[in-house]
Amino acid sequence: MIARREFITLLGCAAAWPLAARAQQTARPVIGVLHSASPEMSADRLPLFRQGLKEAGYVEGENVAIEYRWAENQFGRLPALANDLIRRRVAVLAALGSNLWAIAAKEAAPTMPVVFIVSEDPVRLGLVSSIARPGGNLTGINVLNAELAAKRLDLLHEFVPAAVRVAALVNPTNATTTETTLRDLESAAQGIGLQIQVVRARTSREINEAFATFEHERPHALFVGQDGLFGSRRIHLVHLATRYAIPAAYGSRDFAEAGGLMSYGASIVEAYRQVGAYTGRILKGVKAADLPVVQSSKFELVINAETARTLGLSVPPTLLARADEVIE
């Protein structure tokens with residue numbers, strides 16, 4: 001009888017194991033990740049987000065789950081994707097890839113904690129009350145790339161001092177960022193004697209059409225605005241700039257790594273890691289309102305010397321001396 005009772009007890013324990021395992025899995029907090037691009041285009045950045053989470057004590061698949069939603073650069077899908085994650089009652093929403101994501105997340109989730117990456121002042125975007133004290137349910141990282149437009153234009157002019165006409169490629173869908181970028185470009189251009197030719201594109205087809213106009217209007221250089229669409233189409237943009245032999249400046253190093261002439265902007269590596277770290281801290285109970293918005297302080301000048309040679313350009317020694325990396 002004793003052996004029989006022990007056997008029945010053992011069976012009962014064994015039957016309970018899957019239930020306990022399921023209960024433990026259900027208890028894991030769930031993070032919602034909204035991204036404007038595709039998994040393929042973000043494959044090199046998401047590990048940095050997970051690294052930040054790990055630093056905060058969370059490992060995907062072990063003590064936290066992540067639900068991903070990808071817009072595939074179709075910005076009209078933003079509200080539906082955000083609302084889908086909210087219905088799933090995720091603990092924190094991470095809005096990555098575009099200012100529009102952060103704005104959509106704020107509108108869809110008025111109380112849920114949201115951690116964002118934006119390229120300009122989040123106070124001006126209406127996301128937070130102040131940098132030091134966000135005051136609501138949102139916080140995150142400002143990579144300042146929209147504010148760096150004037151500096152990037154100055155570097156491009158230094159690289160191509162004979163340039164007079166510079167085409168500025170912007171996405172009108174991202175209206176706030178476009179307005180900031182063009183305002184700063186026009187102001188900076190006046191100071192160094194440049195003419196800005198504004199070219200707008202909101203789809204891949206319109207990007208192709210914009211470059212097709214260069215056959216007749218031949219700008220001397222190209223400034224590519226900071227935008228999620230352009231980031232996801234960076235290989236295509238670099239290919240077109242090479243095809244039309246136009247020296248171009250971009251806002252993040254992955255353009256230069258893909259063959260673009262030069263880039264100047266905040267370290268995306270650090271930004272994604274910081275978003276992961278902030279997400280982890282919120283999971284531990286820290287309120288978004290108590291986490292100040294991080295202003296990027298590490299900026300990288302990356303020059304692709306091979307592309308310069310292809311375009312028949314010599315890299316000025318002054319730029320070589322300041323470059324964080326020269327790609328040969």
Side-chain angles (χ1 to χ4, degrees), residues 31-38 41-42 45 49 67-88 90 92-131 133-149 170-184 200-203 225-232 251-252 265-266 268 271-272 274-275 278-279 282 287-289 291-296:
I31 299 167
V33 171
L34 287 167
H35 205 293
S36 58
S38 64
M41 296 302 297
S42 306
R45 295 184 176 183
F49 172 75
E67 289 274 352
Y68 299 93
R69 295 295 181 274
W70 307 93
E72 307 282 349
N73 299 301
Q74 299 177 40
F75 292 101
R77 300 178 62 193
L78 290 175
L81 294 175
N83 286 324
D84 181 47
L85 287 174
I86 291 164
R87 284 194 298 270
R88 293 174 182 270
V90 297
V92 188
L93 209 55
L96 309 175
S98 168
N99 295 347
L100 296 177
W101 276 113
I103 295 169
K106 178 180 174 64
E107 293 174 351
T111 59
M112 180 179 293
V114 176
V115 184
F116 55 70
I117 293 180
V118 292
S119 61
E120 61 181 293
D121 183 4
V123 177
R124 183 170 180 269
L125 291 173
L127 298 174
V128 298
S129 299
S130 73
I131 298 299
R133 296 181 179 276
N137 60 310
L138 286 85
T139 188
I141 319 300
N142 177 12
V143 295
L144 299 169
N145 277 352
E147 286 95 332
L148 295 173
V170 295
N171 182 356
T173 303
N174 204 345
T176 305
T177 300
T178 294
E179 179 188 346
T180 301
T181 299
L182 293 181
R183 182 193 65 225
D184 293 347
R200 295 175 172 85
R202 68 193 79 202
T203 64
Q226 191 69 14
D227 184 79
L229 170 67
F230 301 155
S232 67
S252 58
I268 297 300
Y272 270 72
Q274 184 65 58
V275 168
Y278 260 22
T279 300
I282 290 173
K287 293 182 178 179
L291 292 171
V293 175
V294 176
Q295 305 268 50
S296 290

Which of these, V115, L93, V114, V293, sits in a side-chain contact (heavy atoms from CB on, under 4.5 Å) with L138?
V114

Among residues at least two apart in sequence or on other chains, which ones pass side-chain hydrogen bond (donor to acceptor under 3.5 Å, both in side chains) with [X]?
| X | answer |
| --- | --- |
| Y278 | none |
| N174 | T177, D227 |
| Q295 | N142 |
| S38 | E40 |

Which heavy-atom pair separates [X] from [Y] by the least distance, and what is that distance?
| X | Y | value |
| --- | --- | --- |
| P134 | T139 | CG-OG1, 3.9 Å |
| A102 | F116 | CB-CB, 3.7 Å |
| V143 | A271 | CG1-CB, 3.7 Å |
| I282 | A288 | CD1-CB, 4.1 Å |
| S252 | Q226 | N-OE1, 4.4 Å |
| V275 | A94 | CG1-CB, 4.4 Å |

Full working for side-chain contact (heavy atoms from CB on, under 4.5 Å) between L127 and I103:
CA-CA 7 Å; L127 298 174; I103 295 169; 4.1 Å; yes

Start with the C-alpha gap between L96 and Y68, add the side-chain angles, then the distance that decides, and say whether side-chain contact (heavy atoms from CB on, under 4.5 Å) holds.
CA-CA 11 Å; L96 309 175; Y68 299 93; over 6 Å; no

Please check: side-chain N/O of N99 versus main-chain N/O of V118, any donor-acceptor pairing under 3.5 Å?
no

Do any N or O atoms from the side chain of S296 and from the backbone of A266 form a donor-acceptor pair under 3.5 angstrom?
no

Applying salt bridge (charged side-chain N to carboxylate O under 4.0 Å, His left out) to R45 and not counting sequence neighbours gives D254

Contacts of R133 that satisfy salt bridge (charged side-chain N to carboxylate O under 4.0 Å, His left out) - sequence neighbours left out:
none

Suppose we screen for side-chain contact (heavy atoms from CB on, under 4.5 Å). Which residues come up paired with [X], at least two apart in sequence or across chains?
| X | result |
| --- | --- |
| S129 | none |
| P110 | none |
| R77 | E72, Q74, L81 |
| A104 | L78 |

Rounded to the nearest 0.5 Å, what's the gap from OG1 on T178 to CZ on R200? Could you check?
7.5 Å

Listing request: all salt bridge (charged side-chain N to carboxylate O under 4.0 Å, His left out) pairs with a residue in residues 95-121, at least two apart in sequence or in separate chains.
E120-R124

